[in-house]
Number of protein chains: 2
Amino acid sequence: MAIRTDAPTRREQILKEAARLFAERGFHGVGVDEIGAAVGISGPGLYRHFAGKDAMLAELLVGISGRLLTGAKRRLQESDGTPAEGVLDSLIEGHIDFALDDRPLITLHDRELDRLRDSDRKLVRQLQRQYVELWVQVLREVYPAIAEPAARSAVHSVFGLLNSTPHLGRPGSLPGRGTTAQLLHRMARGAFAAAAA
Amino acid sequence: MAIRTDAPTRREQILKEAARLFAERGFHGVGVDEIGAAVGISGPGLYRHFAGKDAMLAELLVGISGRLLTGAKRRLQESDGTPAEGVLDSLIEGHIDFALDDRPLITLHDRELDRLRDSDRKLVRQLQRQYVELWVQVLREVYPAIAEPAARSAVHSVFGLLNSTPHLGRPGSLPGRGTTAQLLHRMARGAFAAAAA
DNA sequence: CCCATAGGTTAACGACCGCTAACCTCCCTG
DNA sequence: CAGGGAGGTTAGCGGTCGTTAACCTATGGG
């Protein structure tokens, strides 16, 4: 995994602050002036970098869905041939990393989807659906007994479990990132096992 | 449990429609005219029943938190003396009923809290905290091995799991309410058991 | 029978918000 | 060294939104 070391571009700064503000107060609850102020420029200056407020949200949501999906696909390829249990663990691990490191994006991901233009919303939904189906496939390899509708429901529910990170108190009050990650991982596996019983 | 048979008051109609609209498009994304139209009157007519748009949201959120808490307290009393496992099952059952029957409220519950006046927000947060602590207490009776911070995290995560109902497809496409409820129940128990391991 | 009250209506005000226009200032390049 | 693009600025327009004001109508009790 290639780690970025160069400074973030202004565009990236804006996206990061916009994500935080949207998550905190909702898309309609944040004005462009506030987003600008968060990166040290004033409202209309944003339009040198984005076509509009909608475009920021669209880029955020498409970016999240895309990164989740490509990350999962990569994990699936890398663990080709290994037992399905390990693949499922890898998927869970990837999702937890994301949920712990990009909480604002996780929040936006299932909250502001309906604020998108039709075409963008369709794209995001398609990426999300592919991501879910990929999990469903792996889950049914580990637990062949579980029917497909139940598997899909179980996957959505486990996403709800893993995406609960924003409710687990501020990043400082947690018992430590590693401990929390392990707890979430165990719970996800336990929930899946129980779903198959 | 006393079942209402009389017709809903206009006030209740308004609250129900407002909840649905707020859940669909966000608090700031819905205008008072739309809420009025949803109950057959026009925008400003709402002010005969509520002090303002904020007051509707406040009543919704305080109502949800309060009903969840009192319901849990009642279940705790009714099952006094019975084994802790049964109490936990009863709590889970109550929360699932709520998540399946009042999806818009579940959505609002963790999404629009920050749009409240300070005093209302404090009240809601206090009710929520009591509800969580009640679960933590019961959970630690069932699994004495689990430490308190981990128990609290586990409870929040299971709420995330149970509150995933809005993502499980429209009420028609589900395999049936009872089946879904049982699946969620099993998964919650499985997640808790794994958290304690 | 009268009239107060509950529950509506439309018009309009003031604030805010997304966005554009017009302009300015570096800095890099031919 | 000219000049042009990149990236800012402020002013302001047009639309929307929450709320209030003023007015209307039915209805039920003294």
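- Residue contacts shown for B/Gly31 are limited to sugar-phosphate atoms, with no base heavy atom under 4.0 Å away.
- Rounding to whole angstrom units, CG of residue B/Leu46 and P of C/dA6 are separated by 18 Å.
- When rounded to the nearest whole Å, the span between CD of B/Glu12 and P of C/dG7 equals 13 Å.
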Discussion item. Using side chain to side chain donor-acceptor pair (under 3.5 Å), reason through A/Ser90 and A/Arg75 one step at a time and then give a plain yes or no.
Written reply: CA-CA 7 Å; A/Ser90 179; A/Arg75 289 181 126 86; 2.9 Å; yes

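- When the P atom of C/dT25 is taken as reference, atom CZ of A/Arg48 falls 15 Å away, rounded to whole Å.
- Considering only heavy atoms from C-beta on, B/Phe27 comes within 4.5 Å of B/Asp54 through its side chain.
- Within the 4.5 Å cutoff, the side chain of A/Leu69 has heavy atoms near those of the A/Leu134 side chain.
- Proximity of a side-chain donor or acceptor of A/Arg140 to a complementary backbone N or O of A/Ile146 within less than 3.5 Å is detected.
- A/His95 has its ring centre less than 6.0 Å from the ring centre of A/Phe159.
- In this structure, the CG atom of A/Asp33 is 12 Å from the P atom of C/dC19, given to the nearest Å.
- The side chain of A/Lys53 lies closest to C/dG18, out of C/dA21, C/dG18, C/dT9.
- The distance between atom CZ of B/Arg11 and atom P of C/dG8, rounded to the nearest whole Å, is 13 Å.
- As rounded to whole Å, 14 Å separates atom C1' of C/dC13 from atom OH of B/Tyr47.
- Positionally, the nearest nucleotide of DNA chain C for B/Pro44 lies more toward the 5' end than for the other of B/Pro44 and A/Gly43.
- In 5' to 3' order, the nucleotides of DNA chain D bounding all contacts with chain A (an atom under 4.0 Å from a heavy atom) are D/dG7 to D/dA11.
- No hydrogens or angles considered: nothing links the side chains of B/Thr9 and B/Arg11 as a donor-acceptor pair under 3.5 Å.
- Between the side chain of B/Arg48 and the main chain of B/Pro44, no donor-acceptor pair closer than 3.5 Å is present.
- Comparing C/dA22, C/dG7, C/dT10 by their nearest atom to the side chain of B/Ser42 picks out C/dT10.
- Using a 4.0 Å heavy-atom criterion, one finds that A/Val39 contacts no nucleic acid atom at all.
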